[in-house]
Amino acid sequence: ISVNKLLPSNVKLLYNYSKVWQLYDVIITANPYILKKKNLENQKKISIKIITDYNKDIKADYEFRNINEVLSMF
């Protein structure tokens, strides 16, 4: 996190991805499982995708090439 100069106030590491959309309204991820799960169940939540070779065909609300692009929006 400090590499990207981000100081979040609430960071949680999850091991059970099936409940991630029940806990959060906005998620930044490259994980295809999490992105697909949102598209199926949680249309009111916001997904921010970091584009990779293995998730480029999965829809997201916003797409960025890397985390620095995301951070530059703030």
Side-chain angles (χ1 to χ4, degrees):
I1 295 175
S2 64
V3 171
N4 293 309
K5 298 179 176 70
L6 178 66
L7 298 172
S9 60
N10 186 2
V11 174
K12 295 189 188 224
L13 302 175
L14 296 176
Y15 299 100
N16 182 357
Y17 296 142
S18 65
K19 302 200 183 280
V20 70
W21 287 109
Q22 294 171 10
L23 299 171
Y24 303 103
D25 294 326
V26 178
I27 299 196
I28 302 170
T29 187
N31 185 306
Y33 174 81
I34 293 172
L35 293 166
K36 287 178 188 175
K37 194 90 165 141
K38 186 265 180 181
N39 291 336
L40 293 173
E41 299 176 2
N42 301 288
Q43 298 301 319
K44 295 181 181 179
K45 309 267 180 146
I46 297 173
S47 59
I48 301 172
K49 175 172 75 172
I50 306 301
I51 301 167
T52 64
D53 289 338
Y54 53 86
N55 71 14
K56 61 185 171 188
D57 296 330
I58 300 169
K59 291 184 182 180
D61 298 306
Y62 301 94
E63 297 182 0
F64 296 92
R65 290 183 302 236
N66 57 54
I67 193 70
N68 290 328
E69 284 186 2
V70 177
L71 296 176
S72 71
M73 299 301 291
F74 298 101

S.K.: Which heavy atom in Asn31 sits nearest to a heavy atom in Ile34, and how many Å separate them?
M.R.: OD1-N, 3.1 Å
S.K.: Are the side chains of Ser47 and Ile27 in touch, meaning some heavy atoms are under 4.5 Å apart?
M.R.: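 The answer is no, as the side chains (C-beta and beyond) never meet within the 4.5 Å cut-off.
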S.K.: So, taking the atom named OH in Tyr17 and the one named OG1 in Thr29, what distance separates them when rounded to the nearest 0.5 Å?
M.R.: 7.5 Å
S.K.: How far does CG of Asn16 sit from CG of Leu23, to the nearest 0.5 angstrom?
M.R.: 9.0 Å
S.K.: Using every non-hydrogen atom in the two residues, find where Ala30 and Asn55 come nearest and quote the distance to one decimal.
M.R.: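 That closest heavy-atom pairing would be O-ND2, 2.9 Å.
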S.K.: Rounded to the nearest 0.5 Å, what's the gap from CG on Asn66 to OG on Ser72? Could you check?
M.R.: 8.5 Å
S.K.: Provide the full list of salt bridge (charged side-chain N to carboxylate O under 4.0 Å, His left out) pairs with a residue in residues 45-55, sequence neighbours left out, each pair given once.
M.R.: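 For residues 45-55: Asp25-Lys45, Lys49-Glu63.
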S.K.: Got a second to check how far Ile50's CD1 is from Asn68's CG, nearest 0.5 Å?
M.R.: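 The CG atom of Asn68 is 9.0 Å from CD1 of Ile50, to the nearest 0.5 Å.
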S.K.: Restricting to side chain to side chain contact (heavy atoms under 4.5 Å, CB included), what partner residues turn up for Tyr62, sequence neighbours left out?
M.R.: Ile46, Ile48, Phe64
S.K.: Rest of the hydrophobic cluster containing Ile58 (Ile/Leu/Val/Met/Phe/Trp/Tyr, side-chain heavy atoms under 4.5 Å)?
M.R.: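 Cluster partners of Ile58: Leu35.
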S.K.: Quick one: pull up NZ in Lys37 and NZ in Lys19 and give me the separation to the nearest 0.5 Å.
M.R.: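 Separation between the atoms: 8.5 Å.
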